[in-house]
Structures are given as C-alpha cells and as structure tokens.
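Reviewing the structure listed below.
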2 protein chains.
Amino acid sequence: MRLSTRGHYGLKAMFDLAQHYGSEPIPLKTVAERQNISDNYLEQLIAILRKAGLVKSVRGAQGGYILARDPGSITVGDIIRAMEGPIAPVECVSEVEPTECDQAGSCITRTVWARVRDRLAEVMDSISLADMLRDAENLSEHKAQEYKQNAPEGGS
Amino acid sequence: MRLSTRGHYGLKAMFDLAQHYGSEPIPLKTVAERQNISDNYLEQLIAILRKAGLVKSVRGAQGGYILARDPGSITVGDIIRAMEGPIAPVECVSEVEPTECDQAGSCITRTVWARVRDRLAEVMDSISLADMLRDAENLSEHKAQEYKQNAPEGGS
DNA sequence: AACAATTCCGAGTTAAACAGTTTGATTTAA
DNA sequence: TTAAATCAAACTGTTTAACTCGGAATTGTT
C-alpha cells in the first residue's frame with residue numbers, strides 16, 4: 001500500500017506552488033530545490049500535472065508554473081489521481097474501468113477492497129491545498145508557542 | 001496506491017481457510033485451485049502467513065493448513081500487515097520505524113499521509129474474517145432471492 | 001517397509017516499473 | 001542577442017513483482 005514518489009513529489013510540488021499562489025510564476029528549479037527533489041525528474045512529473053490541468057506553465061525567461069485554480073478547489077485526491085491513476089487497492093475495484101474477474105459477483109475480498117477504496121478516496125478528496133496551507137500556519141504558530149514555553153527567558 | 005498480489009492473494013487464501021474453519025487441514029493445492037492462484041506461488045505466500053502466526057500447518061499426507069485463531073479474531077489489517085509490511089502510504093509515516101526526513105517537523109504533506117494511513121488502518125482493522133463470512137452468506141442469500149424474483153416460474 | 005501426499009526451503013527467472021539522467025529543441029523577457 | 005526557462009523524448013540502472021523449479025523432509029495409508 002505504498003505511494004510511488006510520483007504522488008509523493010507531486011503533492012509536495014503542488015503544495016509549494018500553493019504557498020506562492022497569486023504571485024509570479026515559480027520556476028521549476030526553485031520548487032525542486034525547496035522541496036529537495038531532482039529537478040530533472042520533477043520536470044517529468046510536472047508535465048503530468050500540466051496535462052491534467054492542475055498547473056499552468058509560462059514559457060521563456062521569468063517563466064515558471066502556477067496553480068491552474070485556487071488552492072481551495074484542488075484536493076489531494078485530484079493530485080494523486082493525476083499522478084498515480086485511479087484509486088484502486090486492487091484492479092477489480094478501480095474507480096474507472098475495473099476489469100472484473102470471473103467470480104466478481106460472489107467475491108467477498110472484492111467488497112473489502114471496495115470499502116478500502118472508498119475510504120481512501122473519501123479522505124483524499126476531503127483535503128484541499130487550502131486546508132494544507134491552513135494546517136501549515138497552525139503548525140508554525142504552534143511551534144513558535146512551544147518555543148516560547150520552552151525557552152521563555154531566552155537561553156544562550 | 002495498489003496492493004501487490006501478495007496482499008490480494010493472501011486475503012483470498014485466508015478467507016478460503018476461514019470458510020473451512022473447524023474441519024481437517026486444507027491442502028494448499030486445494031486452496032490454490034479454488035482461489036485460482038498458482039500453487040507454486042501460493043506456497044511462498046502461505047509461508048509468510050505461517051511465520052506471522054496466522055495459519056498453522058500440518059505436515060505429511062492428509063496435511064494442510066488451518067487458521068491459527070478463530071475467524072473473528074483475525075482482521076484484514078492483520079493479514080495485510082503480514083503480507084505487505086506496515087501500513088504506510090509513504091515511508092516517513094510508517095506504522096513502525098518511520099525514517100524521518102530532515103524537515104519532518106514542518107512537512108505538511110507528511111501530516112496528510114498520516115491521516116491517510118490512519119484511515120486505511122482503521123478500515124482494515126475493522127473487518128474480520130468472520131465479518132467476511134457473514135457478508136458472504138448475506139450475498140448468497142441475496143442472490144438466491146434475486147433469482148427467485150427474476151425467474152419465479154423456472155425458465156428453460 | 002514402501003509409497004504417496006503433503007509441507008518446507010532456497011535458488012533461479014522474466015518482465016515490468018521506478019526513479020531518475022541526458023540531450024537537445026523551443027520560447028521569451030531583458 | 002543572450003540567458004532563463006519550459007518542452008519532449010530517449011536512454012539507463014536498479015529494484016521489485018510474480019512467478020517457476022528442484023528437491024529435501026515429514027507423515028498417514030497400505
């Protein structure tokens with residue numbers, strides 16, 4: 001039940017773009033450096049996101065990438081489906097074009113995987129990039145708070 | 001987000017054994033035939049289940065495999081963890097021994113994957129083999145019912 | 001005792017996927 | 001004109017999946 005780096009890096013890149021949504025296009029190299037990903041490789045990955053309509057590109061000098069829509073309307077599910085294909089723990093319960101096996105009607109393991117698939121889709125579709133931005137803000141506030149509590153006098 | 005055949009076949013085999021729980025040991029070949037799995041391959045897989053303590057083996061003629069515990073106390077999660085390792089959409093949120101990356105503290109994608117992992121574990125741990133047996137019974141009743149309704153006069 | 005049914009074990013094989021790298025063409029602001 | 005960038009496609013090395021195979025060890029049956 002592992003994601004490949006495609007989905008992993010894809011989400012990282014999209015989150016990076018979300019953090020800079022509204023300003024000039026971000027060059028791929030910048031994203032790659034910030035997120036610690038090989039820029040050669042990320043180039044391939046972002047092409048997938050572009051073809052899926054999740055990011056827009058601006059070519060030429062001062063070019064780069066921007067989110068195609070606002071962060072509130074892009075979910076983790078959107079990104080993962082683009083990068084890894086339809087959600088499906090096993091082929092026979094794929095979100096699109098499941099190729100049924102012979103005993104599909106009576107297969108109980110199949111119904112188990114359908115439930116797993118639904119939960120997976122549910123959680124991924126419920127988290128948008130905007131949610132992640134909000135979480136990031138809370139997290140950093142929390143950290144600052146912790147810091148204050150742990151070192152209120154300002155140690156050397 | 002695909003399962004390998006290990007987890008897929010593993011659950012099938014375990015469900016097959018559950019359906020015959022309480023009687024003599026079932027030879028591997030029988031399970032393989034019923035579940036339509038290469039018996040050479042299943043041999044490897046069931047070794048994993050045995051080492052994980054989920055099935056017991058009886059060697060020699062008339063030997064075979066039986067569930068190590070009753071079907072109510074074995075969950076899909078138990079089986080998948082045995083077959084595929086700890087549940088973890090990405091390595092850094094593995095259920096056991098996550099190897100953290102440098103920015104673990106501030107990584108938001110990480111918290112996303114932790115949520116996905118928890119949902120995944122939740123649904124898998126909530127389904128036991130006994131639940132599946134019950135579902136199978138309902139399903140077959142339902143089918144018989146449907147059959148009655150669709151062909152009450154007994155077509156040719 | 002011999003035999004056949006079975007588990008057990010380790011090694012070998014094939015094909016695909018993953019995770020990139022490399023090369024070079026094209027676009028465009030400065 | 002140049003440098004910064006995207007775009008595209010081919011190439012490569014490594015790992016993993018999904019088996020296959022051969023044979024040894026165990027044990028009920030005859």
Side-chain angles (χ1 to χ4, degrees), chain A residues 1-13 17 20 23-68 80 83-85 88-91 101, chain B residues 1-13 17 20 23-68 80 83-85 88-91 101:
Chain A
M1 290 307 280
R2 287 271 169 91
L3 223 55
S4 72
T5 56
R6 275 203 281 281
H8 191 183
Y9 293 172
L11 181 59
K12 279 190 155 198
L17 293 181
H20 301 87
S23 60
E24 325 84 58
I26 316 290
L28 180 112
K29 210 173 175 183
T30 308
V31 176
E33 261 161 29
R34 274 199 294 244
Q35 299 299 324
N36 202 32
I37 303 172
S38 145
D39 57 338
N40 278 318
Y41 187 35
L42 187 56
E43 209 168 276
Q44 271 182 47
L45 303 186
I46 207 148
I48 301 174
L49 292 167
R50 179 171 46 81
K51 282 165 194 165
L54 294 174
V55 302
K56 282 191 227 169
S57 62
V58 179
R59 301 189 68 171
Q62 322 309 318
Y65 293 92
I66 49 174
L67 292 188
I80 294 307
M83 300 307 290
E84 312 245 349
V90 302
E91 224 287 322
C101 66
Chain B
M1 292 304 280
R2 288 272 169 90
L3 219 59
S4 72
T5 57
R6 276 203 279 282
H8 191 183
Y9 294 173
L11 181 59
K12 280 190 157 201
L17 293 181
H20 301 86
S23 60
E24 326 82 60
I26 316 289
L28 180 112
K29 212 174 176 184
T30 307
V31 175
E33 262 162 28
R34 274 200 294 243
Q35 299 299 326
N36 203 31
I37 304 172
S38 146
D39 55 338
N40 277 317
Y41 188 34
L42 188 56
E43 205 169 295
Q44 271 182 46
L45 304 186
I46 209 150
I48 302 173
L49 293 167
R50 180 171 47 80
K51 282 165 193 163
L54 294 173
V55 300
K56 282 190 225 165
S57 62
V58 178
R59 302 190 69 173
Q62 322 310 320
Y65 294 92
I66 51 176
L67 293 187
I80 294 308
M83 299 308 291
E84 313 245 349
V90 303
E91 222 288 322
C101 67

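Lettering follows sequence order; numbering is per chain, from 1.
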For atom CG of B/L45 and atom C1' of D/dA18, their distance in whole Å:
9 Å
What contact category does A/I46 fall into here, base, sugar-phosphate, or nothing, at under 4.0 angstrom with non-hydrogen atoms?
nothing
With side chains defined as the heavy atoms from C-beta onward, is the minimum distance between A/L67 and A/L54 less than 4.5 Å?
no
Does either side chain, that of B/Y9 or that of B/S4, offer a donor lying less than 3.5 Å from an acceptor on the other one?
no
Should B/E91 and A/R2 count as side-chain neighbours, where that means a heavy-atom distance under 4.5 Å?
yes
I need a per-nucleotide contact map over nucleotides 22-30 of chain D, read 5' to 3'. Cutoff is protein heavy atoms under 4.0 Å; write B for the base, S for backbone only, - otherwise.
---BBBSS-
Counting only N and O atoms by type, is there a donor-acceptor contact under 3.5 Å from the side chain of A/E84 to the main-chain atoms of A/G7?
yes
When the distance from CD of B/E84 to P of D/dT16 is rounded to whole Å, what number comes out?
14 Å
Do A/E33 and A/D39 have side chains that get closer than 4.5 Å, going by heavy atoms?
no
Determine whether B/I48 and B/R6 make a side-chain contact, defined as any pair of heavy atoms from C-beta on separated by less than 4.5 Å.
yes
Nearest heavy-atom pair of B/L3 and A/M1: which atoms, and what distance?
CD1-SD, 3.0 Å
Using modelled atom types only, decide if a donor and an acceptor are shared between the side chain of B/T5 and the backbone of B/H8 within a distance under 3.5 Å.
no
Near DNA chain C, which residues from residues 47-54 of chain B have a heavy atom under 4.0 Å away?
B/R50
Restricting to side chain to side chain contact (heavy atoms under 4.5 Å, CB included), what partner residues turn up for A/P25, sequence neighbours left out?
A/V58, A/I66
Nucleotide D/dC21, atom C1' - distance to CG of B/L42 in whole Å
16 Å
Answer yes or no: is there a side-chain heavy-atom contact under 4.5 Å between B/I26 and B/Y65?
no
For chain B, the stretch of DNA chain C it reaches, first to last nucleotide, under 4.0 Å of its heavy atoms
C/dA5 to C/dA11
Considering residues at least two apart in sequence or located in another chain, which fulfil the salt bridge (charged side-chain N to carboxylate O under 4.0 Å, His left out) criterion with B/R34?
B/D16
Heavy atoms only: give me the nearest B/A68-B/G53 pair and the separation to one decimal.
CB-O, 3.3 Å
One pair to check against side-chain contact (heavy atoms from CB on, under 4.5 Å): A/L45 and A/L42. What are the steps and the verdict?
CA-CA 5 Å; A/L45 303 186; A/L42 187 56; 4.2 Å; yes
Nearest-nucleotide check on DNA chain C, B/L28 vs A/D39; residue mapping nearer the 5' end is B/L28
So, OP1 or OP2 of D/dA18: does either fall under 4.0 Å of a side-chain N or O from B/S38?
no
Rounded to whole Å, CD1 of B/I37 lies from C1' of D/dA17 at a distance of 15 Å
Those residues of residues 1-13 of chain B lying under 4.0 Å from DNA chain D by at least one heavy atom:
B/S4, B/T5, B/R6, B/Y9
Separation of atom CG in A/L17 from atom P in D/dT6, rounded to whole Å:
11 Å
